[in-house]
Structures are given as structure tokens and as C-alpha cells.
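Start at 1 and go down the list; that is how both ligands and their atoms are numbered.
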Amino acid sequence: MNINSYDCLLIVDFGSQVTQLIARRLRELNVYCEIHPYQNVNEYLLSQLSPKAIILSGGPDSVTRDGSPRAHPVIFEIGLPLLGICYGQQVMMQQLGGEVKSGVGTAEFGKAFVERKNSSDLLKGWFLDQKEQVWMSHGDHVSSIAPGFEVFGFSSNAPYAIIGDTNRHFYAVQFHPEVHHTPNGQTLFENFISIADIEQNWTMEAYREVAIKKIKEEVGSKKVICGLSGGVDSSVAAVLIHEAIGDQLTCVFVDHGLLRQGEAEEVVTMFKENYNIPLIHADESELFLGELGGQSDPETKRKIIGRLFIDVFQKYANKIENAEFLAQGTLYPDVIESVSFKGGPSVTIKSHHNVGGLPEKMGLKLLEPLRELFKDEVRELGRELKLPENFISRHPFPGPGLAIRCPGKITRAKLEILRRADAVYIDQIRKHGLYNEIWQAFVAILPVRTVGVMGDGRTYDYACTLRAVTSVDGMTADYYPFSHEFLSETATRLINEVEGINRVTYDITSKPPGTIEWE
Ligand code: XMP
């Protein structure tokens with residue numbers, strides 16, 4: 001099976017933090033799509049991809065600024081259906097003869113409501129309840145539309161919230177239909193796909209076949225080592241690669257001393273029992289904890305862990321003759337927040353340790369077969385590859401492990417308290433049957449000690465915070481609404497069962513504006 005046998009939709013990236021969500025929405029609709037930064041989209045790329053439609057993403061810039069990104073003119077000349085989103089709409093209007101304004105009264109952030117002005121094929125299934133809730137995030141707005149366009153919908157601050165030129169199949173919206181806060185956004189994409197006559201036949205089964213073929217081609221007869229973290233991502237990557245190249249793969253499980261209670265044993269047993277993949281268990285906790293000692297800056301911690309991971313892999317790679325590739329279970333959310341996707345222009349939030357490329361001196365090439373997938377797509381791929389369900393449904397665990405759940409200085413004592421607290425908390429969640437309702441849950445130990453009273457004595461111990469979020473992909477998240485009974489029962493258990501903790505808080509920040517992890 002070949003990627004070219006699928007209809008392709010091209011997403012031109014202008015650097016929005018949520019561009020990949022457009023791809024997600026389309027994949028949920030079983031449409032094959034590729035994201036390319038706007039600078040790379042030209043006649044050549046279009047002839048290579050032969051897309052059936054193009055979406056122009058949002059972006060952080062203002063088209064009113066000199067030198068801001070523009071779409072290659074060929075995009076408007078090639079005769080394909082187009083959908084512009086936010087900055088994509090503004091760039092479209094600016095380039096096709098409309099106008100965009102910035103300044104007072106042009107911005108709109110957060111929830112907004114759009115009303116119908118005219119009907120359109122793009123809006124089938126919309127406005128059934130008169131107004132549609134949408135998510136706006138724009139500083140500028142379109143003040144005059146380009147010739148040939150008409151208005152289909154408007155909001156209080158976006159007179160041209162939905163516009164289109166039906167003859168050319170050019171459409172544009174000021175809001176973000178790709179985010180969950182636009183509840184009917186998916187219908188809009190579905191309508192656009194139907195206008196573009198794109199076949200909806202892209203599935204994880206198809207992805208698996210294509211990925212295996214690509215891995216075989218890329219690796220040839222060379223050897224691969226895979227960094228196994230015990231999480232779903234690296235495990236799915238390992239099993240996928242193993243399916244492609246068999247024993248040319250060796251897995252290295254690095255125990256950096258920042259794992260959860262019992263995790264190292266669980267992972268090694270799981271892999272030994274279920275798979276016949278050669279596995280090296282590298283206990284490097286002394287090395288990692290030694291170098292992390294005394295460090296409290298989040299980025300410094302991440303950089304140290306990232307560097308040591310590479311060093312350790314290098315050490316084990318050297319023992320494997322002909323090892324030419326290092327495989328990692330890097331996912332798209334890791335990529336977009338570290339470096340912009342495929343070179344696009346978005347802003348860095350956190351430097352996730354497992355992306356960013358390997359130093360030349362390592363002499364290893366990166367193999368990242370999950371780099372364009374979201375978490376739930378990886379789980380689906382895992383099911384496709386027959387990984388055990390209890391393993392697939394585990395909450396995500398970050399590569400830097402407990403280090404980023406221990407703000408301030410990391411000490412062995414604090415890590416031990418954190419491990420015990422986390423085990424109690426997860427046990428509570430499981431006992432109450434909530435584990436699968438929650439996307440990710442963990443404890444963070446805070447760099448603050450508080451005064452308490454237990455029995456007749458004074459205590460001066462650490463405060464911790466509980467985190468539990470619901471999310472689809474880790475890009476946005478809401479805190480989980482535990483009952484007060486659950487929270488108080490859990491707090492009591494933590495204080496009674498975990499020596500070193502005398503205060504429990506619950507983190508009710510959503511993402512954005514927070515992030516899921518504390519660092
Ligand atoms: P944030 O904190 O950025 O986390 O909202 C989003 C998701 O990514 C996980 N995460 C990481 N995963 N390496 C990883 O493999 C990292 O450096 C890293 N940092 C955060 C986090 O646990 C959450 O699931």
C-alpha cells in the first residue's frame with residue numbers, strides 16, 4: 001500500500017500552536033494530510049504531493065506587519081478548494097484584494113458566538129441552534145473582503161467570521177474550527193472535505209503498513225537501538241520497528257532513577273514476557289541523579305537529562321555492531337512545543353528532551369516513526385499491533401520522569417516521598433474506578449515545607465499537589481472534577497501513609513494557560 005494511493009490534503013503552516021490539531025481533526029475523518037511550513041510550499045511541492053485541497057493555518061504574526069508570512073501565489077492559482085483559518089483567512093484576504101486591520105476593537109480571544117448571514121455548503125449542519133459557539137484567538141481582523149467573496153457568518157468582533165467564494169471553492173473562517181472549544185468544528189471540516197471530493201479511507205491500519213514500509217526502506221540492513229521508557233509511545237515504536245526489521249532492533253531501557261514505584265521491574269518483565277526483542281536494562285540512576293543534584297531551573301534539568309540520555313545511548317550503541325539508528329517514541333505534541341513542526345515558525349514553550357536531533361558526533365541517525373501522531377492515535381496503533389490493553393491505556397509519563405514533578409532541587413529523599421505519594425494517589429484513582437476517565441494523573445512535590453500538627457506534635461514537612469486532567473491529545477487540558485469526598489479521602493491517606501508530606505493541594509489549572517506538568 002502506498003501513501004500516494006490516498007487523496008491528500010495539504011495544510012500550510014503559518015506557525016499556529018494548534019496547526020497539528022487541524023491534521024488531527026482530518027485524521028479523525030480518515031483523511032490523509034500533510035503539514036508543510038508556508039516557506040516550503042511551492043510549485044514543486046504541490047506537484048509532488050498532488051493535494052486535492054489546501055488549508056491555510058493560523059499563525060502568530062500580523063499580515064499588516066512588513067515581512068510577515070505570505071502564501072505562495074500558486075496556492076491561489078492552482079484551482080484547488082481552499083480553507084483559510086484565522087491568520088490563514090487574513091493572508092488570503094490580503095493577497096486576494098481584501099483588507100486586514102489591527103488595533104483597537106479588532107481582537108477577540110476565547111469563546112465567541114457566530115450567527116448566520118447566508119447559507120453555504122460549508123455550513124451544512126451549522127446554525128441549527130441559531131448561534132454557533134466558536135473559539136477565537138485573533139489580534140487583527142478582516143475589514144474588507146476580497147472580490148468574489150460573500151459573508152456567511154459574523155460575530156460581534158469579526159464581521160467576516162465565515163466567508164467564501166463558492167465559484168472558486170475558496171472559504172475562510174476567523175475562528176479555529178480545529179479546537180474542541182468550537183464544538184461543531186468537525187462538521188465544518190467534513191463539509192470542506194466533501195466539497196473537495198476527498199475520499200475518507202485513511203486509517204491506523206493503513207498507517208501501520210506505510211510506516212513499516214518506510215522503516216524497512218530507511219533502515220535497510222543496519223541495526224537500530226530503541227530508547228525504551230516504559231511508556232506507551234516508546235513501546236509502540238519498538239514493537240512497530242520490530243515488526244519491520246525483527247532482530248535488527250535492540251531496546252535499551254534507561255533507568256534514570258526518576259521512575260515511579262516498581263516501574264523498572266514492570267517494564268522489563270512486560271517486555272521479556274510479551275516480546276522476543278533483545279533488551280538491555282541500563283541502571284544509570286547514579287549518573288543522572290548525580291548531575292541533577294543542586295539544579296533547580298526547569299530548562300537546565302531538561303537539558304541535563306536530554307544530554308545524559310544521549311550519552312547513555314551512545315555508550316550502549318557502541319556495544320552494538322553496525323548500530324546506525326536511534327529510535328524514539330517522539331510524538332507530535334513533543335515536537336510542536338520544542339521546535340516548530342517541520343521547520344514552521346511557532347514559539348518554544350518547553351524543550352522536551354527527546355526531540356531536537358542528535359549531535360553529529362554521535363554518528364547515529366534518528367528514527368522516529370510516531371513523530372506525526374497524537375497520543376490517542378498511538379494507542380490505536382498499539383491496539384493494531386496487539387499490545388496488551390492494560391499497557392496501552394496507561395497514563396502518559398514524560399521522558400524526564402519525576403524530575404519535572406519535583407520543582408526546585410531534586411534530592412533522593414524528595415523523590416522517594418514523591419514515589420510513595422504517587423503510588424497512593426494512583427491507587428485511590430483506580431479504586432474509585434476513575435483511571436480510564438482521566439487522561440493523566442500524578443503528584444508533584446512542592447519546594448515548600450509547611451507547619452502541621454499530627455497527634456500532639458508539630459510537623460514541618462513538604463506540601464504536595466495532585467494533578468489530574470482530561471485531554472484528548474495533551475495539547476489542551478481541563479482539570480478533572482473530583483468530588484470533595486474523593487479529595488479529602490485521598491488527602492487523609494497521603495498524610496497518613498506517606499511520611500514527609502503534611503499538606504495536600506489540588507491543582508485546578510487548565511491548559512492553557514497552565515501546562516500539564518509543573519515544569
Ligand atoms: P505539558 O506539561 O507540556 O505536557 O503540558 C504535555 C504532555 O507531554 C508530557 N511531557 C513530556 N513527555 N518528554 C516527554 O516524553 C518531555 O520532556 C515531556 N514534558 C512533558 C506530559 O507528561 C504531558 O503528557
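Across all non-hydrogen atoms, the minimal contact from Ser235 to Phe271 is OG-CE1, 3.6 Å.
The contact set between ligand 1 and Thr515, taken as ligand atoms under 4.0 Å from a residue heavy atom, comprises 1 (P), 2 (O), 5 (O). Per-residue contacts place Pro400 under 4.0 angstrom from the following atoms of ligand 1 (heavy atoms of the residue considered): 13 (N), 16 (C), 17 (O). Atoms of ligand 1 found under 4.0 Å from any heavy atom of Trp439, numbered from 1 in the order shown, are 24 (O). Near Lys511, the atoms of ligand 1 lying under 4.0 angstrom from a non-hydrogen atom of the residue are 1 (P), 3 (O), 5 (O), 6 (C).
Every N/O-N/O distance between Arg405 and ligand 1 stays at or above 3.5 Å. Considering backbone and side-chain atoms together, Phe397 places no N or O closer than 3.5 Å to any N or O of ligand 1. Between Gly399 and ligand 1, at least one N/O pair is under 3.5 Å apart.
Closest to atom 22 (O) of ligand 1 by heavy atom, among Arg302, Glu517, Glu519, is Glu517. The residue among Ala477, Pro512, Pro398 with a heavy atom at the shortest distance from atom 11 (C) of ligand 1 is Pro398.
By the neighbour-count criterion of 12 heavy atoms within 6.0 Å, atom CZ of Phe486 is densely surrounded, having more than that number from other residues, nucleotides or ligands. At most 12 non-hydrogen atoms from other residues, nucleotides or ligands lie less than 6.0 angstrom from CD of Glu499.
Ring centers of Phe309 and Phe288: under 6.0 Å apart, within the cut-off.
At least one donor-acceptor pair under 3.5 Å links the side chain of Lys301 to the backbone N or O of Cys406.
Partner of Arg27 under the salt bridge (charged side-chain N to carboxylate O under 4.0 Å, His left out) criterion, chosen from Glu377, Glu34, Glu178: Glu377.
Ser16 and Ser57 share no donor-acceptor pair across their side chains, judged by distance under 3.5 Å alone.
Contact annotation for Phe442 and ligand 1: no heavy atom of the residue comes within less than 4.0 Å of the ligand.
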